[in-house]
Protein chains: 2
Amino acid sequence: MSAPQASPAPARSLHQRIRDDIEGRIHSGQWPPGHRIPSEHALMAQYGCARMTVSKVLSLLADAGMIERRRRAGSFVARPHPHIEQVALDIPDIPFEVAARGHRYQFELLARQLRKPRRGDAREAELAGQARVLALQCLHLADERPLALEDRLINPAAAPQAVDVDFSQTAPGSWLLQHVSWTRAEHRISAIGVDAARARLLQVPTGTACLVIERRTWRGEQPVTCVTQVFLGDSYDLVARFSPGGR
Amino acid sequence: MSAPQASPAPARSLHQRIRDDIEGRIHSGQWPPGHRIPSEHALMAQYGCARMTVSKVLSLLADAGMIERRRRAGSFVARPHPHIEQVALDIPDIPFEVAARGHRYQFELLARQLRKPRRGDAREAELAGQARVLALQCLHLADERPLALEDRLINPAAAPQAVDVDFSQTAPGSWLLQHVSWTRAEHRISAIGVDAARARLLQVPTGTACLVIERRTWRGEQPVTCVTQVFLGDSYDLVARFSPGGR
DNA sequence: CAGTGGTCTAGACCACTAT
DNA sequence: TAGTGGTCTAGACCACTGC
């Protein structure tokens with residue numbers, strides 16, 4: 001009836017130790033991809049614990065993608081999807097990132113328009129249904145030097161207050177991050193040689209290699225914002241850390 | 001003593017419905033960032049279920065980063081870290097990706113060396129402790145046209161079989177993905193204008209904008225591989241999808 | 001149809017910490 | 001010290017599915 005711990009304070013909890021054990025067997029190759037993991041009943045007996053404890057472990061491992069669970073069949077070490085891997089990529093807030101690298105951040109609003117969505121523009125296709133869009137172009141500078149050019153569209157229907165914000169003082173990305181929540185985002189990352197117009201604004205020769213991040217966010221089915229950021233490629237990096245299984 | 005379901009088969013399980021409810025309150029703004037979520041006891045009473053059920057929900061939400069839990073203090077809606085966001089980025093397998101886009105994939109091994117690690121080379125610093133490294137350079141082609149140039153170092157201590165693989169037939173990235181597991185990876189993504197040597201191999205003018213992915217993987221503390229892939233920027237995109245909270 | 005995972009209960013003990 | 005989350009137990013019922 002009572003529920004005494006196996007040991008008073010195992011430092012690492014029981015389900016953590018079980019998880020470590022199973023992960024160890026998988027990573028060491030002792031349990032290769034496709035290998036059938038003992039059933040919950042078997043593990044329960046093996047570790048001398050309640051079924052719920054091993055069940056929790058296996059559920060977490062399944063969430064993390066390390067194992068697959070099938071009713072009646074059992075749990076199996078996941079075959080790593082051979083063609084796709086996911087990494088957690090940090091999409092940084094530019095002002096913060098610049099400051100973190102010890103540079104002075106500045107921001108310039110180059111253009112602001114509240115206008116109808118343009119037809120035929122791929123970037124604006126998502127927003128075609130809206131009456132108006134708020135279009136902003138701005139420049140991010142680090143130590144007085146241009147770092148990135150940002151073209152942003154904001155859907156006023158999703159962020160009504162945005163229309164009244166003075167974006168000459170606040171970077172729109174930072175403002176949105178703090179004031180508008182979203183439920184889905186998509187990013188495309190590519191490289192371009194900058195066209196003449198952008199080159200002039202970035203004060204580099206036409207054709208200079210730049211990193212392009214295109215980001216779209218939605219709140220439910222409603223588009224919130226769509227932004228294209230063009231970074232000077234040699235002065236900006238994206239960094240992704242990853243441990244497989246998400247944890 | 002018995003454990004009847006609240007309703008026979010609620011389609012969506014109870015903890016899922018509770019989770020949806022709480023997520024709804026958070027996303028709708030009804031529970032803004034910093035808001036204190038009712039305690040497990042209160043939620044237990046509110047939903048008429050066992051404490052473990054709401055506990056599971058809150059644990060999952062905490063794992064997903066949507067809430068923060070503090071002993072004695074309670075659970076709180078997480079303040080979105082204003083300066084960093086994480087997205088799940090797909091790091092594709094090049095052969096697969098090319099095929100998926102309907103192109104013919106080809107692969108050329110340009111160079112293969114089993115040699116001592118070079119001192120003074122930043123890329124090889126991690127491998128400096130190793131007796132030998134396997135260095136490969138290869139070219140990925142789509143429809144006979146160069147798509148990406150790959151410089152890869154493999155640590156034979158972590159992947160002994162790699163030394164005997166005929167990489168003129170198998171792309172090393174695909175082979176590694178299928179044969180060697182790893183526990184940690186780091187990626188850097190940037191843009192460069194290609195130098196003359198790479199430009200020649202990629203059959204483009206010097207200075208053409210390219211997307212660079214640098215990827216390092218470890219197995220435990222042991223480095224496994226380090227690869228630099230230079231993509232023609234206009235013919236390659238990385239795509240990241242994201243829903244906040246990780247699910 | 002028997003075994004598996006999925007879920008839930010009604011408790012319990014514990015560590016931690018804000019008050 | 002009282003309230004909170006963290007963990008665990010020893011059951012239970014159910015849906016599903018591969019044998």
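As a basis for the values below, the full set of heavy atoms in this structure was taken, side chains included, without hydrogen atoms, waters or symmetry mates. Sequence lines set the chain letters: A, B, ... in the order given, protein chains first and strands last, and positions in each chain run from 1.
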Rounded to whole angstroms, how far apart are CE on B:Met44 and C1' on C:dA12?
13 Å
Nearest whole angstrom, please: distance from the C1' of C:dT7 to the CD1 of B:Ile18.
12 Å
In this structure, how many angstroms lie between the P atom of D:dT9 and the OH atom of A:Tyr47, rounded?
14 Å
Which whole-number value in Å describes the distance from A:Lys56 NZ to C:dC8 P?
15 Å
Using whole Å, report how far CZ of B:Arg17 lies from P of C:dG6.
18 Å
Can we say A:Arg188 and A:Glu186 salt-bridge, meaning some charged N sits less than 4.0 Å from an Asp/Glu carboxylate O?
no
Which pairs count as ring-ring contact (aromatic ring centres under 6.0 Å, His included) when at least one residue sits in residues 32-67 of chain B, sequence neighbours excluded?
B:Trp31-B:His35
OG/A:Ser13 to NZ/A:Lys56 distance, rounded to the nearest 0.5 angstrom?
7.0 Å
Nearest-Å distance for atom pair CD/P, residues B:Glu68 and C:dA18:
14 Å
Is any NZ, NE, NH1 or NH2 atom of the basic residue among A:Arg69 and A:Glu40 found under 4.0 Å from an Asp or Glu carboxylate oxygen of the other?
yes
Between N or O atoms, less than 3.5 Å apart, protein on one side and nucleotides 1-4 of chain C on the other: list the pairs.
from  : atom 1 : to      : atom 2 : distance (Å)
C:dG3 : O4'    : A:Arg72 : NH1    : 2.9

Go through D:dC8, C:dC8, D:dA12 for me and flag the one nearest to the A:Thr53 side chain.
D:dC8
For A:Ser55, does its backbone N or O pair with a side-chain atom of A:Ser59 as donor and acceptor, under 3.5 Å?
yes
Can you check whether A:Pro172 reaches A:Phe107 side chain to side chain, under 4.5 Å on heavy atoms?
yes
Spacing between B:Met52 atom CE and C:dA10 atom P, to the nearest angstrom:
14 Å
What is the distance from CD of B:Gln16 to P of D:dA15, rounded to the nearest Å?
18 Å
